[in-house]
Amino acid sequence: MIYILEDDASIRKLVVYTLNSQGMEAEGFERPSQFWSALEGKKPDLVLLDIMLPEEDGLQVLKRLRADPAMRKLPVLMLTAKSTEYDKVLGLDQGADDYIAKPFGMMELMARIRTALRHAGQSGEEGGSVYRVGSLLVDPERHIVRDGDREVALTLKEFQLLCLLLERRGAVFTRDQLLNTIWGYEFDGASRTVDVHIRTLRQKLGNSGNCIETVRGIGYKIAGE
């Protein structure tokens with residue numbers, strides 16, 4: 001099930017129709033209050049979320065979703081007319097998994113949705129390895145991240161990014177490599193997308209965040225043994 005929270009009826013109906021025609025179950029909502037009521041009954045597999053909404057804006061809706069432990073890993077794609085790099089970074093910094101600016105093509109939207117759903121389905125399937133670096137412990141199978149005794153809550157993309165760096169500890173990843181591996185495509189402002197997620201990861205990991213090293217002019221790595 002995919003939920004779309006969009007107050008523009010023409011866009012909402014078109015997206016729901018397109019998703020249904022592709023064999024995906026979808027339901028649209030005009031107002032956040034309707035969306036929250038639906039969440040009480042059924043949790044979706046993915047949310048398409050506009051920013052400019054009545055009652056409360058999309059960023060506030062996203063913030064509330066990420067504050068709920070049951071929704072922290074829920075893939076959220078922002079749909080909005082705001083297309084500046086600042087707005088993209090702001091949405092991603094709040095925990096969005098992706099950002100697509102209006103007007104957008106239905107084929108592009110479907111590709112983004114499939115990528116997000118595929119990555120969500122892959123999370124926690126790394127084969128039982130547990131990673132330890134200093135005070136950091138990451139258990140991909142159980143989706144657990146700890147900084148010492150403190151459990152850390154990450155969004156899906158943050159978790160996948162951390163696991164990728166840990167899986168190839170010592171290897172340097174360029175921003176493009178990280179973007180293509182985790183997000184599966186390229187878009188304008190890509191390097192900022194990666195930088196935002198790395199910065200947020202470091203902040204959330206606290207003392208353990210120092211294990212993520214910046215390789216000047218190239219990208220990022222986690223130091224080897």
Next on the checklist: Show, in sequence, the C-alpha distance, side-chain angles and deciding distance for D176 and T174, and conclude whether the side-chain hydrogen bond (donor to acceptor under 3.5 Å, both in side chains) test is met.
Outcome noted: CA-CA 5 Å; D176 285 343; T174 67; 5.4 Å; no
Next on the checklist: For residues 3-40, which residue pairs pass the ring pair (Phe, Tyr, Trp, His ring centres under 6.0 Å) check, not counting sequence neighbours?
Outcome noted: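 As it turns out, the ring pair (Phe, Tyr, Trp, His ring centres under 6.0 Å) pairs with a partner in residues 3-40, which skip direct neighbours, are Y3-F29.
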Any donor-acceptor pair under 3.5 Å from [X] side chain to [Y] backbone:
{"X": "Q34", "Y": "R31", "answer": "yes"}
{"X": "H197", "Y": "T193", "answer": "yes"}
{"X": "E55", "Y": "S33", "answer": "yes"}
{"X": "Q22", "Y": "M24", "answer": "no"}
{"X": "N20", "Y": "V16", "answer": "yes"}

Please report the shortest heavy-atom distance between [X] and [Y], naming the atom on each side.
{"X": "R66", "Y": "M71", "result": "NH1-O, 2.9 Å"}
{"X": "T200", "Y": "E158", "result": "CG2-OE2, 3.3 Å"}
{"X": "R175", "Y": "V194", "result": "O-CG2, 3.6 Å"}
{"X": "P32", "Y": "P54", "result": "CD-O, 3.2 Å"}
{"X": "L74", "Y": "D97", "result": "O-OD2, 3.5 Å"}

When rounded to the nearest 0.5 angstrom, what is the spacing between [atom1] in [X] and [atom2] in [Y]?
{"X": "L53", "Y": "E6", "atom1": "CG", "atom2": "CD", "value": "7.0 Å"}
{"X": "M106", "Y": "S21", "atom1": "CE", "atom2": "OG", "value": "10.0 Å"}
{"X": "D98", "Y": "R112", "atom1": "CG", "atom2": "CZ", "value": "4.5 Å"}
{"X": "L62", "Y": "Q60", "atom1": "CG", "atom2": "CD", "value": "9.5 Å"}
{"X": "L164", "Y": "L161", "atom1": "CG", "atom2": "CG", "value": "7.0 Å"}
{"X": "K157", "Y": "L201", "atom1": "NZ", "atom2": "CG", "value": "13.0 Å"}

Item to check | Hydrophobic cluster membership, L136 vs I144, 4.5 Å side-chain cutoff | outcome: no
Flag the pair [X] / [Y] as yes when at least one side-chain heavy-atom distance between them is below 4.5 Å, and no otherwise.
{"X": "F159", "Y": "V138", "answer": "yes"}
{"X": "V130", "Y": "R132", "answer": "yes"}
{"X": "I100", "Y": "M78", "answer": "no"}
{"X": "L109", "Y": "L79", "answer": "yes"}

Checklist entry - Going through the distances and angles, do N207 and D147 end up as a side chain to side chain contact (heavy atoms under 4.5 Å, CB included)? => result CA-CA 7 Å; N207 293 331; D147 169 35; 4.1 Å; yes
Checklist entry - Residues sharing V172's hydrophobic cluster, by side-chain heavy-atom contacts under 4.5 Å among ILVMFWY, directly or via others? => result V215, I218
Next on the checklist: Side-chain heavy atoms under 4.5 Å apart, restricted to Ile/Leu/Val/Met/Phe/Trp/Tyr: what other residues fall into the cluster of M107, or is it alone?
Outcome noted: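 In the cluster with M107 there is nothing else; it is isolated.
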Side-chain donor/acceptor pairs under 3.5 Å, residues 41-52, sequence neighbours excluded:
unit_1	atom_1	unit_2	atom_2	d
K43	NZ	A70	O	2.7
D45	OD2	M1	N	2.6
D50	OD1	K102	NZ	3.3

Item to check | Test side chain to side chain contact (heavy atoms under 4.5 Å, CB included) applied to L156 and V76, step by step | outcome: CA-CA 10 Å; L156 177 62; V76 177; over 6 Å; no
Item to check | side-chain contact (heavy atoms from CB on, under 4.5 Å) partners of R202, counting only residues at least two apart | outcome: I198, I212, T214, Y220
Item to check | Residues in side-chain hydrogen bond (donor to acceptor under 3.5 Å, both in side chains) contact with R168, at least two apart in sequence or another chain | outcome: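 Expected list: none.
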Checklist entry - Given R72 and T155, is the side chain to side chain contact (heavy atoms under 4.5 Å, CB included) satisfied, shown in steps? => result CA-CA 5 Å; R72 283 175 184 161; T155 66; over 6 Å; no
Item to check | CA sep, side-chain torsions, deciding dist, call: L77, Y99, side chain to side chain contact (heavy atoms under 4.5 Å, CB included) | outcome: CA-CA 6 Å; L77 277 63; Y99 192 113; over 6 Å; no
